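All heavy atoms count here, side chains included; hydrogens, waters and symmetry mates do not. A quick note: this is a predicted structure, and the numbers were derived from the prediction, not measured.
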Amino acid sequence: MLRFRLKELIAEKEFRENRVVTLVEIGEATGIHRMTLSKLANHRGYNPSADVLDRLCNYFRCRIEQLVEHIPEDNTLTPLDGTK
């Protein structure tokens with residue numbers, strides 16, 4: 001499962017800039033609809049486009065790894081090369 005760290009990035013930006021950062025503000029700055037941002041922040045399993053992720057990385061000036069985290073659903077998964 002992919003976990004999006006949008007809320008954490010917003011909190012970090014708020015702390016750094018000592019102000020409130022809203023989804024409306026992010027939407028206006030990135031061109032991403034507020035509802036899309038809300039789904040990304042609050043709904044498990046939401047599947048945003050690569051363009052949305054790219055715009056958010058640009059806005060927060062972060063790498064994709066700082067925005068998206070992979071959470072394994074099953075610890076018995078094997079590597080792609082078939083080794084254990």
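Of the candidates Leu56, Ile26, Asp51, Leu56 is the only one forming a side-chain contact (heavy atoms from CB on, under 4.5 Å) with Ile32.
Atom CD of Glu25 sits about 4.0 Å away from atom OH of Tyr59, to the nearest 0.5 Å. With values rounded to the nearest 0.5 angstrom, His70 atom NE2 is found 6.5 Å from Leu2 atom CG. To the nearest 0.5 Å, atom CD1 of residue Ile64 and atom SG of residue Cys57 are 4.0 Å apart. In this structure, Leu40 CG and Met35 CE are separated by 13.0 Å, a value rounded to the nearest 0.5 Å.
Using a 4.5 Å cut-off on side-chain heavy atoms (C-beta onward), Lys13 and Ile10 make no contact. Arg34 places none of its side-chain heavy atoms less than 4.5 Å from the side chain of Glu28. No side-chain heavy atom of Thr30 sits less than 4.5 Å from a side-chain heavy atom of Val52. Side-chain contact between Met1 and Arg44 is present, with at least one heavy-atom pair separated by less than 4.5 Å. Within the 4.5 Å cutoff, the side chain of Leu53 has heavy atoms near those of the Leu67 side chain.
Cation-pi contact between Lys39 and Phe4: absent, since separation from the ring centre below 6.0 Å together with deviation from the ring axis within 45° is not met.
Closest approach of Gly27 to Leu37, counting heavy atoms only: N-CD1, 3.5 Å.
Residue-environment remark: CZ (Arg61) stays at or below the threshold of 12 foreign heavy atoms within 6.0 Å. Heavy-atom neighbours of Arg3 CZ from other residues, nucleotides or ligands within 6.0 Å: above the threshold of 12. Within a 6.0 Å radius of CZ in Arg16, other residues, nucleotides and ligands contribute more than 12 heavy atoms.
With hydrogens and angles disregarded, no donor-acceptor distance shorter than 3.5 Å links the side chain of Arg5 to the backbone of Val68. The backbone N or O of Ala50 lies less than 3.5 Å from no partner atom in the side chain of Asp54, so there is not a single donor-acceptor pair. Although no hydrogens or angles enter the test, the distance criterion places a donor-acceptor pair under 3.5 Å between the side chain of Gln66 and the main chain of Arg63.
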